[in-house]
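All chains are named by letter (A, B, ...) in the order of the sequence lines, taking the proteins before the strands, and each is independently numbered beginning at 1.
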Protein chains: 2
Amino acid sequence: MAETANGVVSGGFSAKPATLRDVAALAGVSVATVSKALNGREHVRAETRVKVQQAAEKLNFLPNVLAQGLLSGRTGTVGLLTSDLVGRFSLPVMMGAEDAFGAGSTSVFLCDARGDGIREQHHLHALLSRRVDGLIIVGDTTNPRESLGQHLPVPVVYAYAPSLDERDMSVVSDNVGAGRQAVEHMVRSGRSRIAYIAGDKEFLAARDRAEGAVQALHQFGLPLMGDEVMYGAWTESWGRSSVRALIDKCPDIDAVICGSDQIARGVLDALRESGRTVPDEVAVMGHDNWELLATQARPPLSTIDMNLELVGRKAAQLLFAAIEGTAEPGIHSISTRLLARDSTARG
Amino acid sequence: MAETANGVVSGGFSAKPATLRDVAALAGVSVATVSKALNGREHVRAETRVKVQQAAEKLNFLPNVLAQGLLSGRTGTVGLLTSDLVGRFSLPVMMGAEDAFGAGSTSVFLCDARGDGIREQHHLHALLSRRVDGLIIVGDTTNPRESLGQHLPVPVVYAYAPSLDERDMSVVSDNVGAGRQAVEHMVRSGRSRIAYIAGDKEFLAARDRAEGAVQALHQFGLPLMGDEVMYGAWTESWGRSSVRALIDKCPDIDAVICGSDQIARGVLDALRESGRTVPDEVAVMGHDNWELLATQARPPLSTIDMNLELVGRKAAQLLFAAIEGTAEPGIHSISTRLLARDSTARG
DNA sequence: CTGAAAGCGCTTACAG
DNA sequence: CTGAAAGCGCTTACAG
C-alpha cells in the first residue's frame, strides 16, 4: 500500500484514522485531558476544551467505539438477524427498532440468514464475537420457531415469528385480532354475506387470521359463506381460482376477506372479469398493506396494516429493558390497524 | 441486575462473556498460550492445545473481535448503507456482497438511511466510529448521487446509484444494454412493430432503458411505434392508461416494452380488457424481474433481471481490493439478463 | 514449548 | 485544572 507524503493511501482514502494521542499531540495536552474535554467531563478549563475540540476537528477525529466498548462492556450495537429475503417484514421492524433506540447511542445492524440454519449460526457467531449488546431475531413467517437457547451472552427478542420457548421474549402481530377487525369493518359497511379466502394452511398466520374472522362472524350471528374457510396459497392465482369457485357456489356473497393483499388482488381481478362490481356488489379486503399492490388495485384495496414498526419498537424496548436487567418473557402481541380504501366502501 | 449463584443474570442470559483469562485460568496455562493454542499458532504442545480447547468450549468462549481489531486495525466488518425503503435493491446487493466476501472473515451490516441526509450522516458516523473496514452505499434510484467525499478513513463503493465524482468507485446496472436486450429479444421472437412505455422521465433509469431500446430499433431498421418513448410513472395505472392511448393511435403494434414490471402488469391488464391476446397478438416485456409481480402476471411476464447479486459481488470485490490498497475508480457496469416467460412467446 | 511484557485506543480513579 | 498510570481483551515479539 503506497503511502504518499500527505498520508493518503493509494486507495484514495485517508490513512489510519486519528487517535486520541494524535489529538493530544496537536492540542499540546495529555490524552486524558483530551478524553475529558471531548466527552464533556467537568474539570476542564473552557479554553483547553476549545483547543482540544479544534484539534479533534482538524484531524477529523472520531472516537473508536470499539475501544470504548472494551472499557464499558457495551458496544451500543444491536444485531437484527432475519430470514426474510425480500425484506418486506424485517425492514419495517428494523426501522421501528431504530426509532425506539433513538438516533442516539444504539445502532441496529441487519444480517440476512436467508432461511438457512448454517448461515444463521454463522451470523450469530459473527454478531456475538463483535459483542452486540442484544439480538432481535425476525422470522419470515409467523410460525413459531426454535429458540436459540437460554445460554447466549446477550438478551434476545424474537419478532414476527415467536420463539417456541416461553422463557424467551417474543413480539408478534395480532393475527386473530386482524381477522376480527376485518369482519367488524365489513359489518359496519353494511355487509352480511361474508366469505373468507385464506393463504396456505401450513402457515399459522393463515389459520389465525381466519380464526379471528370466524369468531367475529359468530359473535355477529352471521354465517360464513361457503361454509368453510378456503385455504390455498399466498398468490394472486389462488385468489382468482378460489373466488370463481366461491361465486359459483354462493352467487349472493357481498363480501370477501382475504388472507393477504396478493390473494385479494386475484380476487378483485376475477370478480371484475366475471362482471361483479367492487365495492357495489361485493366488498373485498386484503391483509399486509403492501402499498405497491394495495394502492394500485382496482379499486384501491382496503387492507390491514400489521404495524410492523410498532413490532420493531416493542422489540427494541424489550431488548433494552433486558440489557438493563429486566426481562419480560412471553409473547407480546401488537394490534393491527385497518386501512379503509375504496374496495370496501359502503355499497 | 441480580446475579444468581451460577452466574446467570435475571435477564435470562449468561453474565459477562468469558475472556481469554477465564480460559487460561481453567486450563491452567497463561493467556498467551491460550491465544496461540486457539489461533492455531505453532509452538504449542498438542496436549496443551487440547486442554485449552476443552476449557474454551466449556466456557463457551468466543474471542472478542473488537479487541482483536484494536490490534490488527481491521474489524472484518463492512457497512452497507442504503436508502431503499423496501429493500428491493439493497437486499440482493447485500447477498451478493456477502457471497463475495465469503462466509469467512468479513461480515456485512446493513443500515437504512430512509433517503434522509441527516440519517445517512448519522449512520455513516456510527459505522465509521465502529471502524468498519469499508462502505458500500446503495442508492434507491440509478440517478447519480453526491459523493461522500474523498476524505473518509475507509474506502467506499457506490452501488446501483453511481457517485457523481469519478474518482469514486461505482457499480451500476447496465440500463442501456437492458433496453437493447429487450428489443433484440422481441425481434428474435418475430416482432417488428414495437412500442416503448417508460417510467418517470426524472429517473435516469427510465431514460437509459428507453435509449437502449431506441438504439437497437435503429440498428434493426425498425420504427418506434407511436413515434416516441412514452414517459409517465412507475405504476400499473400508467401502464394501463398509456397502452390504451397507444393502441388507439397504433392499432397494429405487435410488441410493447415496458420500463418496469409494474408498468407491464398494467399493460397486460389493459390489453386483455381491450380484447388483445398476449402474446399471440402483442408481446409484452417488463424490467426488474420482481418475481412476485412477474410470475403471477397473466401470462407470466418476460422481463429483465438486473443481476443485483452480481452488482453486490462486484462492489465487494472492488472494496476488498481497495482495502488491500488497489482502488479501481470509475463506473463499473453489470450486464442484465433477459428472462423469457410466456408474455413474449412467439406469436 | 511456555509465559511475562508491551501495546492497540480509550476511560477512569487518583495524584499533583 | 491537568496528567501519569492502570486496565478493558487480545496478540505478538521476546525471553526463558
Rounded to whole angstrom units, what separation is found between the NZ atom of K51(B) and the P atom of dC1(C)?
14 Å
Opposite nucleotide pairing with dT2(C), Watson-Crick or G-U, both atom distances under 3.5 Å
dA15(D)
Can you tell me how far P of dC1(D) sits from CD of E42(A), to the nearest Å?
9 Å
Below the 4.0 Å mark, does dT11(D) have OP1 or OP2 next to a side-chain nitrogen or oxygen of Q68(B)?
yes
Phosphate oxygens OP1/OP2 of dT11(D): is one of them under 4.0 Å from a side-chain N or O of R41(B)?
no
With a non-hydrogen cut-off below 4.0 angstrom, is V31(B) in contact with a base, only sugar-phosphate, or nothing?
base
Of all the nucleotides listed (dC10(C), dG9(C), dT11(D)), which has the minimum atom distance to the side chain of P63(A)?
dC10(C)
Figure out the CG/P separation between L66(B) and dG7(D), and round it to whole Å.
21 Å
Ranking H43(B) and A67(B) by the position along DNA chain C of their nearest nucleotide, the one closer to 5' is H43(B)
Side chain of N64(B), heavy atoms from C-beta onward: which of dG9(C), dC1(C), dC10(D) has the nearest atom to it?
dC10(D)
Among dC10(D), dT2(D), dC10(C), which nucleotide sits nearest the side chain of T48(A)?
dT2(D)
Could you give the CZ-to-C1' distance, from R131(A) to dC10(C), as a whole number of Å?
18 Å
In terms of side-chain heavy atoms of N39(B), which of dT11(D), dG9(C), dC10(C) is nearest?
dT11(D)
Taking only N and O in the side chain of S30(B), is any of them less than 4.0 Å away from OP1 or OP2 of dG3(C)?
yes
R21(A) CZ to dA4(D) P, straight-line distance once rounded to whole Å:
13 Å
Which nucleotide, dG3(D), dG9(C), dC1(C), lies nearest any side-chain atom of R45(B)?
dC1(C)
Between dT2(D), dG3(C), dT12(D), which one does the side chain of T33(B) approach most closely?
dG3(C)
For atom CG of L70(A) and atom P of dG9(D), their distance in whole Å:
7 Å
Below 4.0 Å: OP1/OP2 of dG9(C) and any side-chain N or O of T19(A):
no
Atom pair distance, as rounded to whole Å: CZ in R49(B) and P in dT2(C)
10 Å
Distance check, rounded to the nearest 0.5 Å: E146(A) atom CD versus D168(A) atom CG?
10.5 Å
In Å and rounded to the nearest 0.5 Å, what is the CG to OG1 distance from L62(B) to T19(B)?
12.5 Å
Please say which of K51(A), R45(A), R49(A) ends up in a salt bridge (Lys or Arg N to Asp or Glu O under 4.0 Å) with E47(A).
R45(A)
Figure out the CG/P separation between L38(B) and dT12(D), and round it to whole Å.
13 Å
Any donor-acceptor pair under 3.5 Å linking the side chain of D133(A) with the backbone of T75(A)?
yes
Which heavy atom in C111(A) sits nearest to a heavy atom in F109(B), and how many Å separate them?
SG-CE2, 3.4 Å
With respect to the side chain of A32(B), which nucleotide from dC1(C), dG3(D), dT12(D) is positioned closest?
dT12(D)
Other residues, nucleotides and ligands only: do more than 12 of their heavy atoms fall within 6.0 Å of CZ on F61(B)?
yes
For the base of dG3(D), is there a side-chain donor-acceptor partner from K36(A) under 3.5 Å away?
yes
